[in-house]
Amino acid sequence: MKCRVCRGPAVIDVRRHNANFCEEHFLRHCREQVSRAVEDFAMLRPGDRILVAVSGGKDSLALWDLLLEAGYDVDGLYVGLGIGEYSDASGSYARAFASNRDLCLREVHLREEYGFDVPAGARAARRPPCSACGLSKRHLFDRAAREGGYDAVATGHNLDDEAAVLFGNVLRWEREYLARQVPVLPAVNGFPRKVKPLVRLAERETAAYCVLRGIDYQVEECPMAEGNRHLGYKAALAGIEAQSPGARHSFYFGFLERAASLFREDRDAVAAAPGTCATCGGPANGEICAFCRLVERTIAPPDAKAECEVAQPVALVERPAGGRTG
Ligand code: AMP
Ligand code: FES
Ligand code: ZN
Ligand code: ZN
């Protein structure tokens with residue numbers, strides 16, 4: 001196996017590009033894919049202050065490294081979700097990355113600041129853990145960006161993630177979510193700009209990037225995500241990709257080029273001004289935002305209410321940041 005660029009011994013094949021790369025040229029490939037995504041979608045501007053949401057996993061740590069290498073001013077944000085040892089270990093990887101490079105890592109811990117963790121939030125909301133988790137993360141990312149005066153929040157969603165989310169949204173023709181499934185969402189109504197600079201890199205590439213750059217990351221999957229639909233879509237697309245390399249890329253980028261604009265109206269409708277949450281001051285659809293409703297639920301769980309009152313699941317969507325947009 002020879003490197004496509006220098007003909008030296010290759011360390012990885014990227015079948016989607018019909019190419020093999022040596023270490024040096026693979027790292028260059030990753031940097032090029034990120035800068036191309038950033039430019040094509042006008043994600044970032046020179047001088048922007050960026051907050052990268054770091055989970056301690058390969059994608060977000062690779063992203064932090066790649067953005068720093070590209071010369072951006074980037075701080076990290078780790079959200080402690082309280083998922084037992086998994087969260088403890090994830091936080092340690094994020095902290096180690098930051099302290100080895102003398103970077104600023106902000107931390108917010110659900111249990112310490114809001115009195116609940118993801119398992120308790122999911123029980124109180126009567127929703128799957130990933131819903132309570134996703135809602136909490138989105139809210140805390142937005143809030144940290146607002147309070148810290150950042151221009152954009154960057155997340156480590158990669159091509160595999162985005163294609164799997166798209167697959168799920170297409171299966172159910174979720175117009176609102178399809179409208180928002182773009183790699184950059186402009187700042188609107190108190191929500192910061194959201195960017196996904198890794199959309200041109202597959203999961204396997206971000207893992208290889210970390211190994212080659214000596215970045216230690218959390219290898220375990222979240223124990224609460226077991227059996228969730230998103231993982232099923234990912235596995236289905238992995239099967240298709242194995243048979244037709246490049247299928248995932250064509251599916252996702254074909255959508256962006258040829259179909260995303262068809263949902264533009266839905267996106268504009270969703271972006272139409274929500275109000276301000278009476279509790280936290282953040283953007284809200286009703287009087288109180290979905291996150292603050294979840295917090296209320298955890299303080300007064302439905303079981304503690306009058307027996308005749310049937311507990312309804314909490315709506316865990318706050319527009320425009322909500323839904324399955326990755
Ligand atoms: P996931 O939703 O777990 O697939 O993660 C998608 C992206 O969200 C990651 O690449 C990170 O950028 C961000 N993220 C996930 N979990 C956390 C966390 N606990 N703290 C901060 N950012 C996170
Ligand atoms: Fe959120 Fe697993 S990381 S439920
Ligand atoms: Zn080479
Ligand atoms: Zn609120």
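Quick note: residue numbers are just sequence positions, from 1. Scope of the values below: all heavy atoms of this structure, side chains included, with no hydrogens, waters or symmetry mates. The model shown is predicted, which means the values in this text are computed figures rather than measured ones. Order of appearance sets the numbers: ligands from 1, and atoms from 1 within every ligand.
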Practice item. For Ser60, counting its heavy atoms only, list the atoms of ligand 1 lying under 4.0 Å from any of them. Key: 10 (O), 11 (C), 12 (O)
Check your understanding: Within 45 degrees of the axis of the six-membered ring of Phe253 and under 6.0 Å from its centre: does Arg200 put its NZ or CZ there?
Key -> yes
Review point. Looking at Leu77, which atoms of ligand 1 are within less than 4.0 Å of one of its heavy atoms?
Key: 21 (C)
Point to revise | Heteroatom proximity flag, Ala154 to ligand 1, N/O under 3.5 Å | key: no
Point to revise | Short N/O/S contact of Cys130 with atom 2 (Fe) of ligand 2 (below 2.8 Å) | key: no
**Study point:** Any side-chain heavy-atom pair of Val153 and Leu77 under 4.5 Å
**Key:** no
Check your understanding: If you measure from the Lys or Arg side-chain nitrogens to the Asp or Glu carboxylate oxygens, is any gap between Glu241 and Arg204 under 4.0 Å?
Key -> no
Check your understanding: When you measure from atom 2 (Fe) of ligand 2 to every protein heavy atom, which one gives the shortest distance, and what is it?
Key -> Cys222 SG, 2.1 Å
Exercise for review: To 10°, measure the SG(Cys3)-the Zn ion (ligand 3)-SG(Cys6) angle for me.
Suggested key: 110°
Practice item. Using a strict cut-off of 4.0 Å, indicate which atoms of ligand 1 neighbour a heavy atom of Phe141. Key: 13 (C), 14 (N), 21 (C), 22 (N), 23 (C)
Study note, to complete from the structure: Among the N/O/S atoms of His25, the Zn ion (ligand 3) lies closest to ND1
Check your understanding: Hey, is ligand 1 close enough to Leu81 that some N/O pair sits below 3.5 Å?
Key -> no
**Study point:** Within-4.5 Å side-chain heavy-atom neighbours: Tyr114 and Ser136
**Key:** no
Check your understanding: Applying a strict 4.0 Å limit to heavy atoms, is Asp161 in contact with ligand 1?
Key -> no
Exercise for review: Find all atoms of ligand 1 within a distance of less than 4.0 Å from any non-hydrogen atom belonging to Thr155, and give their numbers and elements.
Suggested key: 12 (O)
Review point. Are Asp117 and Ile83 side-chain neighbours, meaning at least one heavy-atom pair lies under 4.5 Å?
Key: no
Exercise for review: For Cys133, counting its heavy atoms only, list the atoms of ligand 2 lying under 4.0 Å from any of them.
Suggested key: 1 (Fe), 3 (S), 4 (S)
Check your understanding: Is any side-chain N of the basic residue among Glu203 and Arg248 closer than 4.0 Å to the acidic one's carboxylate O?
Key -> no
Review point. Any side-chain heavy-atom pair from Leu51 and Phe141 closer than 4.5 angstrom?
Key: no
Check your understanding: What do you reckon, is CD of Glu147 surrounded by more than 12 foreign heavy atoms closer than 6.0 Å?
Key -> yes
